[in-house]
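Just so you know, ligand 1 is whichever comes first in the structure, and atom 1 is the first atom listed for that ligand.
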Amino acid sequence: MSSDQAQEKENELEDNESAENHLATVKELWVYLWPAGRTDLKIRVVLAMAFLVMAKVIGVYVPFLFAGAVDALTGETETTGTMIAVAVPVGLIFGYGTARVLTQAFGEIRDAIFVRVGQNALRNIALNTFRHLHLLSLRFHLERRTGGLSRVIERATRGIDFLLRFMLFNIIPTIIEIGMISTIFWVKFGFLYAFITFVCLSSYIYFTIAVTEWRLKYRREMNKQDTKANGRAIDSLINFETVKYFTSEHHEAARYDKSMRNYAKAAERSQISLTLLNVGQGFIISGGLVAVLLMGANGVAEGRFTIGEFVLINSLLIQIYIPLNFLGFVYREIKQALVDMEKMFMLIAKNPEIKDKDDAEDLKITDGEIEFNDVCFQYNEDRQILNNVSFTVKGGTTTAVVGSSGAGKSTISRILFRFYDISSGSVKIDGQDIRDIRQKTLRQEIGVVPQDTVLFNDTIKYNISYGRHDATDEEVFEAAKLAKIHDFILRLPDGYDTEVGERGLKLSGGEKQRVAIARTILKNPAILLLDEATSALDSQTERDIQESLEKISEQRTAIVIAHRLSTIINVNEILVLDNGEIAERGNHTELLEKQGLYYQMWQKQQQLDEAQRRLIELEKNDENACIIEA
Ligand code: ATP
C-alpha cells in the first residue's frame with residue numbers, strides 16, 4: 001500500500017466536525033466520568049463540584065472585602081472611636097487575605113478530589129481503545145501506519161485530560177462567575193453597568209471565537225504535518241536496515257524535512273494570527289473597562305458611590321476578564337480535544353471485520369481433522385487468490401503445501417487461523433465450521449511458525465515463554481532444546497536474559513526462526529502450521545530441527561508450507577498449488593511418478609543442490625591445495 005493510500009485510510013478518521021458529533025463525544029466521555037457501579041468516584045465528582053462552587057462564591061466575595069477595607073481607610077464607613085477605626089480595616093484586610101487563601105485552597109482541594117476520577121477515565125478509555133485495536137482485523141492493521149494510530153490515541157488522551165481540566169474547571173466556573181458578577185452589577189450599580197459589561201463580554205467572546213475559528217485551519221495543518229512527519233519518521237526508523245542498504249538517508253531526511261517545513265510554515269502563520277487575536281481582545285477589554293470605570297468615576301464625583309465601590313467595579317471586571325484571557329486558547333484546544341477524542345471513539349466504535357457469532361461455540365478437538373471445501377478467497381475484490389480449493393488433512397497427519405511464490409500458500413494458513421473470512425466454501429476443523437467457533441478457542445488450538453518471525457523487544461526467555469505465559473523455566477528450556485537453540489542461548493553472555501532488540505533484529509534470521517519454533521512447541525497446540533519454518537537455517541540445523549518438528553508433528557495435525565522439497569518427502573500428502581488452485585496432489589513418490597509440476601520443481605532443486613555441492617567441494621579442494629603449497 002502506498003503511503004498516500006495509507007494517509008487516505010487515516011483520513012477516514014479525519015475531522016468530522018459538527019455540534020452533534022461534539023455532543024455525542026461529550027456524552028461518551030461522561031460515561032467514563034460517571035461510571036456505573038463506582039459510587040466512590042461519583043461521590044468525588046459531587047464533592048469536586050461543591051468545592052468548585054464554594055471557591056467561586058468566596059472568590060466573588062473577595063473584592064467586596066477589599067472595597068470595604070478601602071472605604072474604612074478613606075473614612076467612608078462610619079466608625080466610632082479610634083480603636084474601631086483601626087480594627088475595621090485591619091479586620092477586613094485579614095478577611096480579604098483569608099478569603100483569597102480559601103478560594104485558592106478550595107480550587108486545589110477540588111483538583112485533588114477529582115484527579116482520581118479523571119485518571120480512571122483516561123486509563124479506561126485508553127485501555128478500551130487498546131483492547132479494541134487488538135480486536136480489529138489484520139487487514140485494518142496492514143492498511144494503517146502504526147505510528148499514525150498510536151498518535152491518535154496519544155492525542156485523544158491528551159485531549160481528554162485537557163477537556164476535563166478546562167471544561168470542568170475553567171469554562172463552567174467562568175460562566176458561573178460571569179452570571180454572579182453581572183447580577184451584582186445590575187443590583188448594586190444599575191442596569192447600564194450590567195448592560196455595558198454584557199455587551200463587552202459578548203463582543204469579546206464573539207471576536208475570540210470568530211478569530212479562533214479562522215485560525216483553526218493553521219492548527220489543523222500543523223497537526224496534519226505533525227502526524228505525517230511522525231508517521232514517516234517511525235516508518236523510516238523501522239526500516240533502518242533497508243535505508244542503509246539503499247543509502248537513502250538523504251532521501252529519508254528530505255521526506256521528513258518536507259513535512260517539518262510545512263509544519264513550521266503553518267506554525268508561523270498560527271503564531272501571527274494569535275498576535276492579532278490577543279491585540280484585538282486587549283482592545284475590547286480595555287474599551288469596556290474604561291467605559292464602566294468612567295461611569296463609576298462620575299458616580300463617585302456625584303457622591304453616589306464610595307471610593308471602595310469604585311475599586312469594587314474595577315476588581316470585579318478584572319476578575320471576569322482574567323479567565324477570559326485564555327478563552328481563545330481554551331476554545332481552540334477544547335474543539336481540538338473534541339475532534340481528537342472523536343477519532344478515538346470512532347476507532348472504538350469501528351466494527352471488527354472478523355467477529356464471533358452470538359451463538360459461537362468453543363472448538364472441540366477430537367481428531368484434529370482439517371477440511372477445506374471449495375474455498376474461494378480474495379484480499380481485494382479485484383483479485384482472486386484462492387479458487388475452489390478443497391483438501392482434507394486427516395487428524396494426526398501432515399500435509400505439505402508447495403508451489404511458486406505468490407501462489408497462495410500462506411493465505412491458506414491465514415484463512416485457517418481466521419485472520420480473514422473466505423468469500424465462499426467452508427473451512428472445518430473436526431466438522432465444525434471455523435466461522436461458528438469462538439476465535440479465541442480456535443487460535444488456542446493452532447500453533448503457527450510464520451514465514452517472517454518478529455519478536456518482542458524483550459529477552460529471549462520472554463519471547464519463548466510467550467507461547468505459554470505460565471510455563472516454568474524447565475518447560476522453556478525443554479522447548480528451546482527441541483528447537484535446537486538451547487545450547488546457543490547458553491553460550492550467550494546473558495543467556496536466556498539476552499535482549500533481542502527491536503523486532504528481534506539482534507538475532508540472526510535462523511535464530512529468530514528457532515525462537516519462534518520453541519515458543520510454538522511450548523504452546524503445545526493440536527494443530528501446527530509451519531510456514532517455511534526452517535527456510536532461514538543452514539542444511540545441518542535444518543535437518544536437526546526437521547527431526548524435532550517431525551517428532552512434534554507425530555501426534556498432531558500439521559500443515560507445512562515449504563519451498564525446499566527435500567524437507568517434505570516424508571509427509572502424508574503434498575498439495576501443489578498453482579495460481580490459487582490445487583494443480584496436483586499425492587505423496588512424494590506418487591507426484592514424482594506423475595512427472596508434472598512437482599516433478600519439475602523437484603528436478604530443478606536437485607540440479608541446484610548438485611551444483612551447490614560441487615561448488616563446496618571445489619572450494620574445499622582449493623583450500624587444501626593452498627595449505628599443501630604453503
Ligand atoms: P511465498 O511463497 O512467496 O510466501 P505464498 O504462496 O505464501 O508466497 P501468499 O502470501 O499466500 O503467497 O500470497 C498470495 C498472493 O496474495 C500474493 O500475490 C500476495 O501479493 C497477495 N497478498 C498477500 N497478502 C495480501 C494482502 N494483505 N492484501 C492484498 N494482497 C495480498
Side-chain angles (χ1 to χ4, degrees), residues 1-10 12 133-134 136-146 149 235 238 352-354 370 372 375-391 393 398-425 427 434 446-454 509-510 512-513 516-517 528-537 542 558-568 571 573-585 591 597-598 600-602 604-605 608:
M1 165 177 275
S2 77
S3 66
D4 288 343
Q5 277 172 311
Q7 189 69 49
E8 247 171 54
K9 285 282 169 192
E10 269 149 36
E12 267 180 29
L133 283 178
H134 273 302
L136 293 175
S137 63
L138 180 64
R139 190 193 308 273
F140 173 87
H141 285 280
L142 290 182
E143 283 174 354
R144 268 177 187 82
R145 273 185 280 213
T146 314
L149 215 54
D235 201 28
I238 285 177
E353 181 187 325
I354 311 288
I370 302 168
F372 271 57
V375 170
C376 294
F377 173 75
Q378 49 207 38
Y379 288 103
N380 302 312
E381 273 169 22
D382 50 357
R383 190 170 156 225
Q384 191 81 6
I385 304 290
L386 295 183
N387 274 320
N388 295 91
V389 170
S390 297
F391 63 89
V393 187
T398 301
T399 291
V401 185
V402 302
S404 55
S405 177
K409 304 182 294 292
S410 303
T411 304
I412 289 184
S413 78
R414 283 179 213 129
I415 287 176
L416 184 61
F417 204 68
R418 215 170 155 220
F419 271 144
Y420 298 92
D421 271 341
I422 52 181
S423 29
S424 67
V427 177
I434 58 170
I446 301 179
V448 185
V449 180
Q451 206 168 16
D452 303 306
T453 304
V454 179
K512 263 193 300 188
Q513 219 161 31
I517 292 173
L528 260 184
L529 284 178
L530 305 175
D531 192 349
E532 305 207 32
T534 55
S535 60
L537 303 175
E542 183 173 36
I559 295 184
V560 179
I561 295 168
H563 267 300
R564 199 142 38 194
L565 304 182
S566 56
T567 59
I568 52 152
V571 303
E573 187 173 41
I574 299 168
L575 307 173
V576 184
L577 210 60
D578 188 32
N579 262 330
E581 286 176 10
I582 297 181
E584 291 170 14
R585 65 178 85 204
L591 287 176
L597 216 57
Y598 183 82
Q600 286 167 17
M601 286 162 65
W602 176 258
K604 246 185 239 162
Q605 281 193 5
L608 264 174

Could you measure the distance from the [atom1] atom of [X] to the [atom2] atom of [Y]? Nearest 0.5 Å is fine.
X: I412; Y: T399; atom1: CD1; atom2: OG1; answer: 10.5 Å
X: L530; Y: I561; atom1: CG; atom2: CD1; answer: 8.5 Å
X: L416; Y: I559; atom1: CG; atom2: CD1; answer: 5.5 Å
X: Q600; Y: Q605; atom1: CD; atom2: CD; answer: 12.5 Å

Hey, which atoms in ligand 1 end up nearer than 4.0 Å to a heavy atom of [X]?
X: H563; answer: 2 (O)
X: R414; answer: 10 (O), 23 (C), 24 (N)
X: T411; answer: 9 (P), 11 (O), 13 (O), 14 (C)
X: Y420; answer: 27 (N)
X: R383; answer: 15 (C), 17 (C), 18 (O), 20 (O), 21 (C)
X: A407; answer: 6 (O)
X: E532; answer: 2 (O)

- request: Look at atom 3 (O) of ligand 1 and find which of S413, G408, S405, S404 reaches it with the closest heavy atom.
  value: S405

query: Of the choices G406, G403, G580, A562, which has the non-hydrogen atom that lies closest to atom 14 (C) of ligand 1?
result: G406

message: Any nitrogen or oxygen of S410 lying under 3.5 Å from a nitrogen or oxygen in ligand 1? Just yes or no.
response: yes

message: Would I385 count as being in polar contact with ligand 1, using the rule that some N or O on each side must be under 3.5 angstrom apart?
response: no

- prompt: Relative to ligand 1, is N380 under 4.0 angstrom through side chain, backbone, both or neither, heavy atoms considered?
  reply: side chain

field: Contact partition for F419 relative to ligand 1, non-hydrogen atoms under 4.0 Å
entry: neither

field: Atom CG of N579: over 12 foreign heavy atoms under 6.0 Å
entry: no

- request: Specify the protein heavy atom at minimum distance from atom 22 (N) of ligand 1: its residue, its atom name, and the distance to 0.1 Å.
  value: Y379 CE1, 3.3 Å

- prompt: Are the side chains of V402 and E584 in touch, meaning some heavy atoms are under 4.5 Å apart?
  reply: no

message: Show, in sequence, the C-alpha distance, side-chain angles and deciding distance for L386 and C376, and conclude whether the side chain to side chain contact (heavy atoms under 4.5 Å, CB included) test is met.
response: CA-CA 5 Å; L386 295 183; C376 294; 5.9 Å; no

message: Does the plane of the ring in Y598 sit parallel, tilted or perpendicular to the ring in W602? Use 30° and 60° as the thresholds.
response: parallel

message: Testing the 3.5 Å rule here: is there a donor-acceptor pair between the side chains of T411 and Y379?
response: yes

